[in-house]
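What follows is a short report on a single structure.
Values in this document were obtained by computation on a predicted structure and should not be read as measured data. Start at 1 and go down the list; that is how both ligands and their atoms are numbered.
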Amino acid sequence: MNASPADQRRLVEVAELDARIRQADHARRNPPQAARVQELLAHRQTLSQELRTRLGARDDLRTELSRIESDVAMVDARSARDADRLASSSNPKEAQGLESELASLARRKSDLEDGELEVMERLEQADAAVAEQEALISSTNSEGADLSAEAKRIVAEATAAFDAATRDRAAIASSVPAELLAYYDRLAVRSSGAALLLRRTCEGCRMVLAGTDLQVLRQAAEDQIVTCPECGCILVRGEESGL
Ligand SMILES: [Zn+2]
C-alpha cells in the first residue's frame, strides 16, 4: 500500500491519540482510590457489627440498672409501710416482726445498692466503648468520603481527557484516506498501529531494528507503507530515522 509521507505522519498522531484514549479510558474506569474505598466499606461493615454488639451490651446494662432501681423502690416502699405500721403498732410481737423485717429490708437495700454501683460502673465503660466505636466509624466514613470525592475528580478529569482525545482523533482521522485508516485500524488491534522509526528504533515496540531490516527500509520508496518486522505496526520514516 502507498501513502504520502504526510498521511503516514498523521497515522502516528492517530496512534498517539489512540494510546491517550486507551489510557484515559482505563483511568476513568479504575480510579486509584477505588480499592481503598472498597476496603473501607468492608471495614465499616465490621465496625458496625461490633457497634451493634456494644450497643446491645449497653442496653442490657441499662435494663439491669432499671431493674435494680425498681427493686430499690419496692424495698423503700415496703420499708416505709413497715415503719408506719411499727409507729402505730401496740402489739409487741407484731412490732418485733416488723423490726426484723425492716432490718432484713435494710440489708437487701444495701446489697441492691452495691449491685447498682457495680452496674453503673460497667455502664460507664459500655458508654465509652460505644463512643469509641462510633468515633472509629465516623473517621472511616470521612476517609471514605474524601477518597470518593478524589476518585470522582480523577474520573471527571479522565473523562474530559478521553472526550478531548476522541474529538482530536476524529478530526485527524477524517483527513486520512479511508483505505489507509482501515489498514491502520487492522494493525492497531495487535500493535500500536503506527509509529515513528527513530534512530533505528521502532517507537511502537522500542526494538532496535537489525541491519538487514534497515536495508529493506532504505530501499523502500518514500510513499511505500512499511511495517515493523518486530511488532507489525506501520513504521513511519523521517529525517531522524537513522537510515
Ligand atoms: Zn515495532
(request) Less than 2.8 Å from the Zn ion (ligand 1) is the window; count the protein N, O or S atoms in it. (result) 4
(message) Counting only heavy atoms not in Glu240 (residues, nucleotides, ligands), do more than 12 fall under 6.0 Å from its CD?
(response) no
(request) May I ask you to list the residues sharing a hydrophobic cluster with Val72, side-chain cutoff 4.5 Å, ordered by chain and number? (result) Leu61, Leu65, Ile68, Val75, Leu105, Leu112, Val119, Met120, Leu123
(request) Nearest 0.5 Å please: distance from the CE atom of Met74 over to the OG atom of Ser79. (result) 11.0 Å
(message) Can you tell whether the side chains of Glu13 and Arg169 come within less than 4.0 Å, N to carboxylate O?
(response) no
(request) Mind jotting down which residue pairs meet the side-chain hydrogen bond (donor to acceptor under 3.5 Å, both in side chains) criterion with at least one end in residues 82-93? Sequence neighbours excluded, please. (result) Ser89-Glu94
(message) Listing request: all side-chain hydrogen bond (donor to acceptor under 3.5 Å, both in side chains) pairs with a residue in residues 208-226, at least two apart in sequence or in separate chains.
(response) Gln215-Arg218
